[in-house]
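Structure, as structure tokens:
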Amino acid sequence: MDFKKIERFIEKVKLPVPKQVFAKNKKQAVEGLKKLRGASLVVMKLISPDFLHKSEFGLVKTVEADAEIVGKTFDELVKLAKRKRRKAKIDGVLIQEKCEGVEVIIGMKRDATFGPVLLFGIGGIFAEVLQDKSLRIAPIKKEEALEMMKEIKGYRLLTGYRGMPKVNFDALASILVRLGNYAVENEKLDEVDLNPVIVDEKKAYCVDIRIVEKK
Amino acid sequence: MKLDKLLNPRSVAVIGASREPEKVGYGVLKNLVKGCYFLAPFCAPFKGKIYPVNPFAVNILGLKCYKSILEIDDEIDLAIIVVPANVVLQVVKECVKKKVGAVIIISAGFSEAGEKGKRLEAEVLKVLKKAGIPLLGPNCLGVIKPTKGLNASFAPTMPPAGKVAFITQSGALADSVIDWAVQERYGFSAIVSVGNAAMLDVSDFIEYFANDEETKAITVYLENVKDGRRFIECCKEAVKKKPVIVLKAGRSKIGEKAALSHTGRMVSSYDVYTTAFKQAGIEVVDSVEELFDVAKANAMLSKCENAIAIVTNGGGAGVLCADYCEEFGVNLVELKKSTIKKLEKSKVMHPAFSKRNPLDIIGDALPERYEVAINTLLEEDYIKGLIVIQTLQTMTRSEDDARIIIEARKRFPKKPIVCCFMGTYFTRRAIHLLEANNVPNYSDPRRAARAMASLIKKS
């Protein structure tokens, strides 16, 4: 996926993302780490159009925010990708501040009959297995977004279940509303995954973003 | 577009009327002349004029035949076309010349039958559109308006008249619904089969029945919609006036484009349909039975707030019903102590009566006990609706129980009563009595709970 395209998308929809830097090489990775000051752990993700599912190939690693470790991990990720797919095109590595919280998925799919459809559900790598979701045809208002979140089976997981943080519903609702409005305006956009969105009492961060545009 | 000439014609021509009982052209004519092909108790002949058109026959079913519609010396409101597809265009042009008010094309062999048929359909549509004549079909069953004694279709018979309109994208499904409706005495204000919907589609009829005074609930069997946003807009308008209930077929993901995202894979086309429906205030159902169960309740009763009680003479049926109420989101209110006291004070309760909701008044309940229970609960402000269950015991007097419920229904017109007189054979008279007095009955507590759920006002 084109990383620049994602950055433009983040900017247009005003999506909240964790502190992050994109490094094309090891040197940029080590330099970039300075921008993530305050983070004790960082997540490093290999960015390549040849690996859509990064974690399945071990191309996502959580490490200490230490220059030496980050540099070493950069090399490891590139080496691993090359080993999995010899001819893989590698754009670089995304380094993000590690977020803690509940993982949800927010998505959009354009339907031929009804137009853009928004999805909210329990997120992460099991999202498709759990199929715990609720849908709305866009555009929606904030009240509808809040109602939509209450409809999923796992709603209790969002309200502070067994020591987990209570999520910031307003932050999630505003992502849903903005994504819906943007999809209505931009017909080229076919599918969007914000998965996971990691959310706690204070904030929601779109940690991984995928967009599919009409050819 | 005005649809009165289609749904309320004074004169009808059947072009392609046949003398052979196995031909569609005979069935359509007989349905007009007699009201139904298979004689049923609710058949009524069409009261307007009927003109069969067939160049080779002198008369059919006692009516004079005409060589062409142009030979008829009368205004024709509705022309029903049953001729083979290859002569339809010519016949349609004659209808335009005759200035008919509306056209139904029953004949098949159009867009459902390949490229050639598609082109033919487009030509027919062009001619009628230009003339401003509404078209139903082609490839459809036709329309039936039992309230007006109009059976302009090749359906097997005529259902009873009632308050439910049924719009269907499958004619064959309507055929069997009608057979069932005769057995169940289920009434329809109209049945419309849209066929290929070259001009008039489901949305047009939703719009029409929303403003039709005879119709209290609109049911739809749907396979696909051409214009999703328009369908939703029509439904949003309609539900302000009466409920719209939709059964949507086609849940399989086969044939759907492979998605590249999690979201894409998690959202099927059926999911999108039901989401759009719910957002428009449409009641979505899963089966033909549920479609007409929900419509029946909505045609007979008004909506209420979510505070419901159950009265039953059988513990098991009551518990089952309570389970289903929870499943469908029907809130069973806790009975207040004061209510229980009133029941105790009546002296007609069995000592072992349940004293909670569901209110089990025990198997030996005579009509008097039902009467006290039903009226005591409905007199309470905090109870907004009632499900009454009756199981058949040796001492049960189901018709008397029915009369008590009908009285209560009149006393408390704003509080819906849904009945579950279980069984059928020895209770059928009571059931007919209930339903003839706008109290819907269901033989299964699950169906009763579902019907009640559809009556709950959305917050």
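By convention in this document, chain letters (A, B, ...) are assigned in the order of the sequence lines, proteins followed by strands, and residues within each chain are numbered from 1.
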Check: Any side-chain heavy atom of B:Val225 within less than 4.5 Å of one from A:Phe114?
Finding: yes

Next item on the list: Evaluate the side-chain proximity of B:Arg229 to A:Ile137: yes if any heavy-atom separation is below 4.5 Å, no if none is.
Entry: yes

Over 12 foreign heavy atoms within 6.0 Å of [atom1], [X]:
| X | atom1 | result |
| --- | --- | --- |
| B:Lys226 | NZ | yes |
| A:Lys82 | NZ | yes |
| A:Glu64 | CD | no |
| A:Phe126 | CZ | no |
| A:Lys202 | NZ | no |

Once rounded to the nearest 0.5 Å, what's the spacing between atom [atom1] of [X] and atom [atom2] of [Y]?
| X | Y | atom1 | atom2 | answer |
| --- | --- | --- | --- | --- |
| A:Ile211 | B:Ser261 | CD1 | OG | 11.5 Å |
| B:Thr274 | A:Leu135 | OG1 | CG | 7.5 Å |
| B:Leu260 | A:Glu213 | CG | CD | 12.0 Å |
| B:Gln279 | A:Ile140 | CD | CD1 | 8.0 Å |

Next item on the list: Would you list the pairs meeting salt bridge (charged side-chain N to carboxylate O under 4.0 Å, His left out) in which at least one residue belongs to residues 97-124 of chain A, sequence neighbours left out?
Entry: none

Next item on the list: Could you pull out the closest heavy-atom pair between B:His262 and A:Glu128, with the gap in Å?
Entry: ND1-OE2, 2.6 Å

Checklist line | Over all atoms of both residues, closest heavy-atom pair of B:Thr263 and A:Gly107 | finding: OG1-CA, 3.2 Å

Margin query: At under 4.5 Å between heavy atoms, what parts of residues 319-333 of chain B are in contact with chain A? List them by residue number.
Written below: none

Notebook entry, point to check: A:Asn195 versus chain B, heavy atoms under 4.5 Å apart: side chain, backbone, both or neither?
Noted result: side chain

Checklist line | Contacts of type side chain to side chain contact (heavy atoms under 4.5 Å, CB included), residue B:Ala108, not counting sequence neighbours | finding: B:Glu112, B:Asn139

Notebook entry, point to check: Where on B:Tyr273 is there a heavy atom nearer than 4.5 Å to chain A: the side chain, the backbone, both, or neither?
Noted result: both

Margin query: Can you list the residues of residues 144-168 of chain A that sit under 4.5 Å from chain B, counting heavy atoms only?
Written below: A:Glu144

Next item on the list: Test A:Lys133 against B:Asp271 for side-chain contact (heavy atoms from CB on, under 4.5 Å), laying out the working first.
Entry: CA-CA 10 Å; A:Lys133 69 198 176 198; B:Asp271 287 334; 3.0 Å; yes

